[in-house]
Each structure stands twice: as structure tokens, then as C-alpha cells.
**Q** 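This structure is in C-alpha cells; I'll ask about it shortly.
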Amino acid sequence: MSRRDFIKLALSEALIGMSVSLLPSCKTAKPSREPDAPAADTTRAVQSTFKASANGFDPQDILTSFDQGEIQVLPHGQLLHEYKIHVISKEIEIMPGIRFPAWTYNGRVPGPTLRVREGDRVRIELVNDDDLPHTIHFHGIHSGNMDGVFEQVYPGRSFTYEFVAEPFGVHLYHCHTPPLSTHIAKGLYGAFIIDPKQGWPKVDHEFVMVMHGYDINFDGKNDFYAVNGIPFYYEKHPIKIKIGETVRIFLVNLLEYEPINSFHLHANFFHYYPTGTNLIPSEYTDTIMLSQGQRGILEFSYKHPGVYMFHAHQTRFTELGWTGLFQVVE
Ligand code: CU
Ligand code: CU
């Protein structure tokens, strides 16, 4: 049995909510294990102690954490947002017992969700604590020397990006060091929200969801899929909302190695604002597709109580982690 098959088997077991009792029959998949080790008990122990937050970040927080940086008012009344972002190599546990050697912005996958207002000045110091060059490339309108492509930031060095935030919308940032696919697949990306000057219409909940994957054996194919860092997280920890409450999702696709990702909402429809650059929705639907770098805003509310899935409509992605639940209560 290959490592990949092993993972899928273990996963399907996890999916149906059983403890991973099939592992002993797959001992050959883990040749490093001592033959007489108590495999099942060990695995259960790993399973029961898995805590996403042990990685130093928690998808529950990522969902609603919007980082405005250190804010200063400049002489003409313009706001300045200052950020310091470190590139840090860090092993994270993405599933019980499955560890991934990530490259991170500030120790998180995805990196912090930066949030400013259109017309604000943004200053981001990138400090490279890793032993390879990296950058940050922001989507948005700015000058070529602030684009994070040609100015590679070498180990131990730093670089400061500065620009005026425009246009309003939901954007993204990611490393742009070659090989680009590796630098993205390893975890160097995040959401970048620019609010309109007048703000968005008021809603009850704002959530950010960054869709991505993990290639844990480095064969150029994803083994797991996730939103906000941990596969299956929002299936195990449903997002609670109330009937009639309005929800806005800032959705960003940073999945590497696959041409398309998608978002499907169950038993409901949402208004969709591609790239969030228009206040008038372009579509009323329950499924949207996004290529890498595409993003948009979804707005909806639930009419009926219940538990509702949201997931990629590529069923394979769903089976390998890109799935979650809304729990709608009275
Ligand atoms: Cu990089
Ligand atoms: Cu990009």
C-alpha cells in the first residue's frame, strides 16, 4: 500500500467518525514502527490529543481575525497601516499524526488576513527568517518595485513594501519566488481585504476563507484540501449562526497544482460579488468556481434551522478535507 493510499484509507475511517482501528492491518505502510508496538493505542492517543491550535494558530480564529496592523494618522488625515511579517519555516500537524513542513507568514497557514480601507497607506516589512529567498506579491494596484517579484528577499534580510490600497475588494498575497508552485504549495499566502471608503453594507457575520491544499509527499499533487489551514476543521467544529443572520464570506482560492477550486453552499443560495470590486452582485447561485488567485464575496442568510454543508463541488477535494458545516439555530 502506498503512503497515499494509506492516507486515504485512514481518512475515510476518520470521516465516518471511528477511531482509527484499521491502522494495525496497515502496518506495512509505516515501516518505521516497531513490530510489537501497541499500534492501535498509540494511534488513538495521537487522534485524541490532536489540537489544531497546537500549531500556534486556530482555524476558528482565522475565520474572524482581520489584522489592521499598527495604525497611525498621517498629517493629511490618511491612515497608515504598518505590518511586520516574518517568513518562518515551521512543521505543522494538519491531521492527527500527519505533519507538514510548511513555510509560513508569521507562523500561520494561511498567513494573516490584512485589512485596510481604500486610499489608506500600507507599509509591510517582510523579514526573512528562513534559509531560502522569499517575497510578498500583493494583488492590487501599486508600482512595479513594490510588486514582490524582482526584489528577492534573501535569508536574514528584510524588505519594506509600501503602497496606497486600491481598488476595494477581496484580494490576496503570496510569495513570488521561483519555483512559484512550491512557494505557494508550502503555505506562503493569505487574504488581503480592502474595504470601500464608505464601508460594506452591514452584516451580522464576516468570515474569511482561504482555500488551499497540502502536498505532503512533494509529488506535485495535493493529498489534502482545506479552508483556513486544517482539513475537515469546520466539519468537526461547525460554524454557528442564527436564522436570518446575514453572513459575508471573503473567499480566496490559493490552491496549487489544480486548475479549479469551487465553493458550494447547501440548501441555500448566495449573492456573489466576483473580486468584491462591485457592490452589486453578479450572480445569485449556490456554486461558484475559482481558479488560483480568483476570489470573491458571498452573502447569504439561512431561512431554516439545521446543519448545512459547504464544500468544494469537486467531490474528491471534499473527501480529502475541503468540507465544513454551518449550524443554523433559532
Ligand atoms: Cu517563498
Ligand atoms: Cu497572485
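On a predicted model such as this, the values are computed, not experimentally measured, just so you know. We count ligands from 1, going down the list as the structure has it; atoms in each ligand are counted the same way.
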**Q** Which count of protein N, O or S atoms is obtained for distances strictly below 2.8 Å from the Cu ion (ligand 1)?
**A**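 Excluding waters, the total comes to 3.
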**Q** Please list every donor-acceptor pair under 3.5 Å in which a side-chain atom of residues 66-77 meets a protein atom from a residue at least two apart or in another chain.
**A**
residue	atom	partner	partner atom	Å
D67	OD1	G69	N	2.8
Q72	NE2	E82	OE1	3.0

**Q** Distance check, rounded to the nearest 0.5 Å: Q327 atom CD versus K240 atom NZ?
**A**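 With rounding to 0.5 Å, CD (Q327) is 5.0 Å from NZ (K240).
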**Q** Just to verify, which of Y161, F192, Y105 counts as forming a ring pair (Phe, Tyr, Trp, His ring centres under 6.0 Å) with Y173?
**A**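 Checked Y161, F192, Y105 against Y173; only one passes ring pair (Phe, Tyr, Trp, His ring centres under 6.0 Å): Y105.
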**Q** Taking the six-membered ring for Trp and the full ring for Phe, Tyr or His, determine whether the centres of Y214 and F224 are under 6.0 Å apart.
**A**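 No, too far apart.
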**Q** Determine whether the aromatic ring centres of F300 and F326 lie less than 6.0 Å apart.
**A**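 Yes, they do, as the ring centres are separated by less than 6.0 Å.
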**Q** Tell me which N, O or S atom from H174 is the closest to the Cu ion (ligand 2).
**A**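 Looking only at N, O and S atoms of H174, the one nearest the Cu ion (ligand 2) is named NE2.
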**Q** Does the side chain of F163 come within less than 4.5 Å of V122's, by heavy atoms?
**A**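 Yes, side chains in contact.
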**Q** Taking the side chain as every heavy atom from C-beta outward, state whether H174 and L188 have any atom pair closer than 4.5 Å.
**A**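 Result no, sub-4.5 Å side-chain heavy-atom pair not found.
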**Q** Checking only N/O/S atoms, does H139 have one that is under 2.8 Å from the Cu ion (ligand 2)?
**A**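 Here the distance criterion (N, O or S atom, under 2.8 Å) is met by H139, so yes.
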